[in-house]
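One-based numbering, in listed order, for ligands and for the atoms of each. Just so it is clear, the structure is predicted and the values come from calculations on it, not from any experiment.
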Amino acid sequence: MRILITGSAGFIGFHLARRLLAEGDEVRGVDNFNDYYMVALKEARNAQLEKESGFAGRRVDIADKAALKAVFDEFKPEVVVNLAAQAGVRYSIDNPDVYAESNLVGFLNVLECCRHAESQPRLLFASSSSVYGGIQEMPFREDMKVDTPISLYAATKKANELMAHCYSHLYGMQTLGFRFFTVYGPWGRPDLASVSFAEKLVAGKPIKVFNNGDMLRDFTYVDDIVDGLVRCVRKAGGLPQYAIYNIGNHRSEKLMDMIAILAKGLGVADPKLEFMPMQPGDVYATYASVDKLHEAVGYEPTTPLSVGLPKFCEWFKEWKGKEVK
Ligand SMILES: NC(=O)c1ccc[n+]([C@@H]2O[C@H](COP(=O)([O-])OP(=O)(O)OC[C@H]3O[C@@H](n4cnc5c(N)ncnc54)[C@H](O)[C@@H]3O)[C@@H](O)[C@H]2O)c1
């Protein structure tokens, strides 16, 4: 298949591209290599992909409609997976403009390019668990009312879901949105907890642990996420014209277990922990119901922290070793 991935130099885009290339697909990647985090990490992921004959990367900003259209015209994708976005909840407080640019203007351009493309691609796109905002009821289900976002990031992701619905309705395009839940794994984003905890552990710095460590979180291994996406890429028929799916781990894991496995994997015998009370607005547990995606394509996350985190640690040690040299 011909698959266009936006955000291909990003954490999830890189893993998805690698898996599709391994399965023999032709993949075109689009990324603007912005400096939200270490550009060297994005370049290194892209360099891995460029080694594969089925891959070609393009340095394109999805907010640049003409440049994006040129990629569609040349490549004629059958499926588009839009992962390019400005991520991060806290960053949106000081940098709101970039969210409007990438997540709203950029996303509209992706929809417009899909709408006008002769190849009539199906669109899969990244939403986020952050659309659930301050909802306390668990598990999070797709049919919950999520009209009260509590960050600009979440508001743009909810807006994407609405924009996609409109394009499916008006133009008969298939659009499937995925609410990702805290993804971790090798080549991870430096602002994610797994990476920032690992950085602190190896530097001997204390990790702040809220609610005295008594918390459960829905950590999802990146290969499980990729597996769910690939199932939807492959299933051309039988899926609705428009749908939103949770894509998470559905089994919450203890924060303290996560830290213990990380410390062991990184060879840190005595991790420094700074126990703190619960933060206002924080919740004891988060987890997703993934029944809808299971029913649609048989999605079944299989990687517990005890299996996924050691793999992350191996990559992290290797990456840090290269950085020091
Ligand atoms: N990783 C998670 O835990 C998580 C959770 C919820 C949602 N998501 C969503 O999943 C998607 C992928 O996340 P990720 O963790 O791989 O993030 P990432 O930041 O590693 O990847 C996004 C990539 O998109 C690129 N990009 C950003 N704006 C662009 C633009 N205007 N034009 C072209 N490229 C652009 C970035 O350079 C980056 O390489 C994002 O949409 C994110 O919001 C991720």
Side-chain angles (χ1 to χ4, degrees), residues 4-18 28-46 49 57-65 67-68 71 80-89 91-92 95 97-110 113 123-132 140 151-161 164 177-196 217-226 228-229 244-249 286 288 308 312:
L4 172 65
I5 302 177
T6 72
S8 54
F11 170 40
I12 300 172
F14 161 73
H15 282 278
L16 176 65
R18 240 185 8 178
R28 186 65 40 99
V30 160
D31 207 294
N32 70 354
F33 294 83
N34 68 44
D35 63 0
Y36 168 57
Y37 63 79
M38 215 192 307
V39 178
L41 181 56
K42 297 180 181 181
E43 298 280 8
R45 294 185 190 120
N46 188 59
L49 297 178
R58 297 283 181 266
R59 212 165 270 259
V60 163
D61 193 315
I62 60 167
D64 179 346
K65 192 172 176 184
L68 187 64
V71 176
V80 175
V81 186
N82 184 63
L83 300 170
Q86 182 56 54
V89 170
Y91 191 71
S92 62
N95 304 277
D97 297 351
V98 65
Y99 289 78
E101 193 72 0
S102 294
N103 302 9
L104 298 177
V105 175
F107 189 70
L108 180 63
N109 290 342
V110 171
C113 286
L123 173 65
L124 278 55
F125 66 95
S127 181
S128 167
S129 62
S130 62
V131 301
Y132 290 106
F140 292 135
S151 70
L152 183 66
Y153 170 65
T156 62
K157 290 293 182 182
K158 172 70 189 182
N160 290 170
E161 295 181 359
F178 297 85
R179 294 177 178 165
F180 295 117
F181 283 72
T182 328
V183 190
Y184 75 95
W187 299 92
R189 241 168 62 201
D191 59 327
L192 296 173
S194 44
V195 185
S196 66
R217 285 291 175 268
D218 193 332
F219 298 107
T220 316
Y221 191 60
V222 67
D223 286 358
D224 286 331
I225 293 279
V226 165
L229 292 175
I244 296 297
Y245 298 108
N246 284 341
I247 182 161
N249 187 9
T286 61
F312 162 76

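- Not a single heavy atom of S129 sits under 4.0 Å from any atom of ligand 1.
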Task: Stepwise ring-ring contact (aromatic ring centres under 6.0 Å, His included) check, Y184 with F312 - done: CA-CA 8 Å; Y184 75 95; F312 162 76; 7.3 Å; no

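- Residues passing the ring pair (Phe, Tyr, Trp, His ring centres under 6.0 Å) test with Y37, sequence neighbours excluded: none.
- Residue A87 has no nitrogen or oxygen atom sitting less than 3.5 Å from a nitrogen or oxygen atom of ligand 1, judged on distance alone.
- Among protein heavy atoms, atom 42 (C) of ligand 1 sits closest to Y153 OH, 3.6 Å.
- Here the protein heavy atom with the shortest distance to atom 1 (N) of ligand 1 is R189 NH1, 3.4 Å.
- Residue contact check for ligand 1: K157 places a non-hydrogen atom closer than 4.0 Å to it.
- When only interatomic distances are considered, the shortest N/O to N/O separation between G7 and ligand 1 does not fall below 3.5 Å.
- Looking only at atom types and distance, the side chain of S8 has no donor-acceptor partner in the side chain of D31 under 3.5 Å away.
- Atoms of ligand 1 lying under 4.0 Å from at least one heavy atom of F180, given by number and element, are 5 (C), 6 (C), 7 (C), 8 (N), 9 (C), 10 (O).
- Considering only non-hydrogen protein atoms, atom 16 (O) of ligand 1 sits nearest to I12 N, 2.8 Å.
- Distances between N or O atoms of I62 and those of ligand 1 include at least one value under 3.5 Å.
- Within the cation-pi definition used here (under 6.0 Å to the ring centroid, within 45° of the axis), R179 does not qualify as a partner of F140.
- Heavy atoms of S130 come nearer than 4.0 angstrom to ligand 1 in no pair at all.
- Taking any N or O of Q86, backbone or side chain, none lies under 3.5 Å from an N or O belonging to ligand 1.
- Of the listed options L68, V39, D35, L83, L83 places a heavy atom closest to atom 40 (C) of ligand 1.
- Applying the ring pair (Phe, Tyr, Trp, His ring centres under 6.0 Å) test to F125 and every residue at least two apart in sequence or in another chain returns F107.
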